[in-house]
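Naming convention: chains lettered A, B, ... in sequence-line order (proteins, then strands); numbering from 1 in each chain. As the structure is a computational prediction, the values presented were derived from the model and not from experiment. Note that these values count all heavy atoms, side chains included, but never hydrogens, waters or copies made by symmetry.
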Protein chains: 2
Amino acid sequence: MDAIGFERHDHSSCIRAGLDAVEQSCAERGLQLTPVRRRVLELLLEGHRAMGAYEILDILRKEGMGSQPPVAYRALDFLVSHGFAHKIERLNAFIACMHPGEDHTPAFLICRACDAVAEAHADPARGFLGQAVRETGFVVEQAVVEAVGLCPRCAGTRA
Amino acid sequence: MDAIGFERHDHSSCIRAGLDAVEQSCAERGLQLTPVRRRVLELLLEGHRAMGAYEILDILRKEGMGSQPPVAYRALDFLVSHGFAHKIERLNAFIACMHPGEDHTPAFLICRACDAVAEAHADPARGFLGQAVRETGFVVEQAVVEAVGLCPRCAGTRA
DNA sequence: TTGATATATGTAACCATATAACATATCAAG
DNA sequence: CTTGATATGTTATATGGTTACATATATCAA
């Protein structure tokens with residue numbers, strides 16, 4: 001398990017790296033990273049935070065890339081279903097994946113003070129779900145872990 | 001970690017037990033288990049599944065216990081905030097807690113075929129979040145684990 | 001037992017999130 | 001170049017949740 005998202009970083013290079021990884025992944029898998037899809041991913045990477053579908057839609061609208069909800073939702077569905085972005089259920093919002101291409105079960109750390117979200121990853125097979133699954137015979141296909149609390153910065157400023 | 005929810009059980013006694021536990025807990029903590037709150041808890045226990053706020057509201061309406069969304073949401077907020085029920089973010093729905101009174105971090109196993117939900121519990125301190133938290137300094141206050149897949153019965157009938 | 005404060009309910013109006021349905025356009029392969 | 005699959009545009013609507021404000025009920029202290 002490792003985590004990134006609260007540290008400072010070279011943001012413009014992280015946007016480029018994210019786009020590059022997804023472009024490559026799409027090329028390999030024969031997926032179409034169309035202008036709208038690409039722009040939505042870029043917005044998520046630029047924002048580096050969880051963004052609502054309507055917030056994204058507003059930006060698309062201003063840029064003349066479609067003005068109705070399905071435009072945003074379809075692009076987001078594409079990104080989420082191929083693992084290039086994740087939905088934070090707790091916030092009804094979306095965030096770019098920090099490990100595109102890698103098969104992983106994300107775990108999100110959501111700061112309730114500044115709304116920053118860090119993506120860690122958890123192994124669903126062992127530890128937190130393994131035992132319950134073995135006991136019941138439940139077949140896990142997908143798992144979501146969302147923790148709410150205070151990020152290091154916000155925890156520090158109030159301590 | 002243990003799990004209940006997919007097994008057959010004596011349902012009327014499980015409803016009674018749930019109500020009794022919450023009644024006692026409210027008495028001890030000076031909380032008011034008003035008629036609406038009590039009825040909503042009863043509905044969740046009877047249904048023994050995740051129910052939407054508007055589904056609950058429809059029933060309350062028929063029974064003359066309030067007809068507007070805030071009535072249902074307020075009762076649900078009360079139950080959730082005191083640990084007597086949980087919200088399943090993934091389904092935008094609510095379910096009675098199977099361990100009322102006990103301090104716990106629930107983990108939900110959601111069957112995508114029959115919509116049954118089982119509540120297991122996970123220890124957030126060790127295992128699935130412990131390492132990420134230690135690495136980042138994030139302070140976890142609350143965590144949600146939701147797994148989607150097939151329950152034993154549904155997995156069996158398709159195998 | 002009365003008055004003050006906190007807690008709970010009732011209701012109207014509204015905002016936010018998400019999808020259905022259908023028409024049109026573009027792409028990819030034979 | 002045409003056929004089938006994939007992607008987009010747009011209208012309308014469904015679903016989930018909150019704000020705001022008026023009224024009622026409980027709690028407790030004087």
Side-chain angles (χ1 to χ4, degrees), chain A residues 22-23 26-41 43-44 49-82 84-95 115 144 146, chain B residues 22-23 26-41 43-44 47 49-82 84-95 110 115 144 146:
Chain A
V22 172
E23 271 170 11
C26 284
E28 283 167 5
R29 296 150 75 184
L31 301 173
Q32 303 183 42
L33 188 62
T34 63
V36 181
R37 292 169 177 178
R38 190 191 157 89
R39 183 65 186 130
V40 171
L41 174 62
L43 290 171
L44 291 177
R49 65 193 170 85
M51 298 176 77
Y54 280 73
E55 183 182 357
I56 287 167
L57 180 58
D58 282 344
I59 299 172
L60 293 180
R61 188 177 283 138
K62 280 169 192 152
E63 298 178 350
M65 300 188 82
S67 60
Q68 301 305 318
V71 172
Y73 280 103
R74 285 195 283 235
L76 289 166
D77 284 350
F78 169 84
L79 296 172
V80 168
S81 68
H82 293 98
F84 304 141
H86 299 289
K87 179 171 186 182
I88 312 289
E89 298 287 347
R90 178 102 191 187
L91 303 176
N92 292 320
F94 301 83
I95 192 165
D115 282 330
V144 171
E146 296 178 5
Chain B
V22 171
E23 272 170 11
C26 284
E28 283 168 4
R29 295 150 76 184
L31 301 172
Q32 302 182 42
L33 189 62
T34 63
V36 180
R37 292 169 177 177
R38 191 191 157 90
R39 183 65 186 131
V40 170
L41 173 62
L43 290 171
L44 291 178
R49 64 194 171 84
M51 299 176 76
Y54 279 72
E55 182 183 358
I56 286 167
L57 179 59
D58 281 345
I59 299 173
L60 292 180
R61 188 177 283 137
K62 279 168 192 152
E63 297 178 350
M65 298 188 82
S67 59
Q68 302 304 319
V71 173
Y73 281 103
R74 285 195 284 233
L76 289 166
D77 284 350
F78 170 84
L79 295 172
V80 168
S81 68
H82 292 98
F84 304 142
H86 300 290
K87 179 171 187 182
I88 312 289
E89 299 288 347
R90 179 102 191 187
L91 303 176
N92 293 320
F94 301 82
I95 192 165
I110 306 165
D115 281 331
V144 171
E146 297 178 5

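Summarising the geometry of A:G66 relative to A:L57, their closest heavy-atom pair is O-CD1, 4.1 Å, with the distance given to 0.1 Å. Nearest approach of A:R37 to A:Q32, heavy atoms of both residues: NH1-O, 2.8 Å. Nearest heavy-atom pair, B:M65 versus B:V71, reported as atom, atom and distance to 0.1 Å: O-CG1, 3.6 Å. Residues A:M51 and A:L43 approach most closely at SD-O, 3.5 Å, considering heavy atoms. Looking at every heavy atom in both residues, A:E55 comes nearest to A:R49 through OE2-NH2, 2.6 Å.
In this structure, the CE atom of A:M65 is 8 Å from the P atom of D:dG9, given to the nearest Å. To the nearest angstrom, P of D:dT15 lies 12 Å from OH of B:Y73. Rounded to an integer number of Å, the gap from CD of A:E55 to C1' of C:dC15 is 16 Å. Atom pair A:L31:CG and D:dA5:P shows a separation of 18 Å (rounding to whole Å applied). In this structure, B:R61 places its CZ atom 17 Å from P of C:dT9, rounding to the nearest Å. Rounded to an integer number of Å, the gap from B:R39 CZ to C:dT9 P is 15 Å. Distance B:D58 CG to D:dT15 C1': 12 Å, rounded to the nearest Å. Taking atom CZ of A:R37 as the reference point, atom C1' of C:dC27 lies 12 Å away to the nearest angstrom.
Ion pairing of A:D58 with A:R61 is present here, as a side-chain N (NZ or NE/NH1/NH2) and a carboxylate O approach within less than 4.0 Å.
When both pairing distances are held under 3.5 Å, D:dT18 makes a Watson-Crick or G-U pair with C:dA13.
Note: A:H82 and A:F84 have parallel aromatic rings, judged against thresholds of 30 and 60 degrees for the angle between ring planes.
Not a single donor-acceptor pair, N or O on each side, falls under 3.5 Å between the base of D:dA14 and the side chain of B:Y54.
OP1 or OP2 of C:dT9 has at least one side-chain nitrogen or oxygen of B:T34 nearer than 4.0 Å. One finds no side-chain N or O of A:Q68 lying less than 4.0 angstrom from the OP1 or OP2 phosphate oxygen of D:dG9.
Looking at A:R39, its side chain never comes within 3.5 Å of a backbone N or O of A:L60 through a donor-acceptor pair.
The residue among B:V71 and A:D77 whose nearest nucleotide of DNA chain C lies closer to the 5′ end is B:V71.
Taking CG of B:L44 as the start and NE2 of B:H86 as the end, the distance is 11.0 Å to the nearest 0.5 Å.
Proximity of residues 86-95 of chain B to DNA chain D (heavy atom under 4.0 angstrom from any strand atom) is restricted to B:K87, B:N92.
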What does the list of N/O pairs under 3.5 Å between the protein and nucleotides 20-29 of chain D look like, with a distance for each?
none

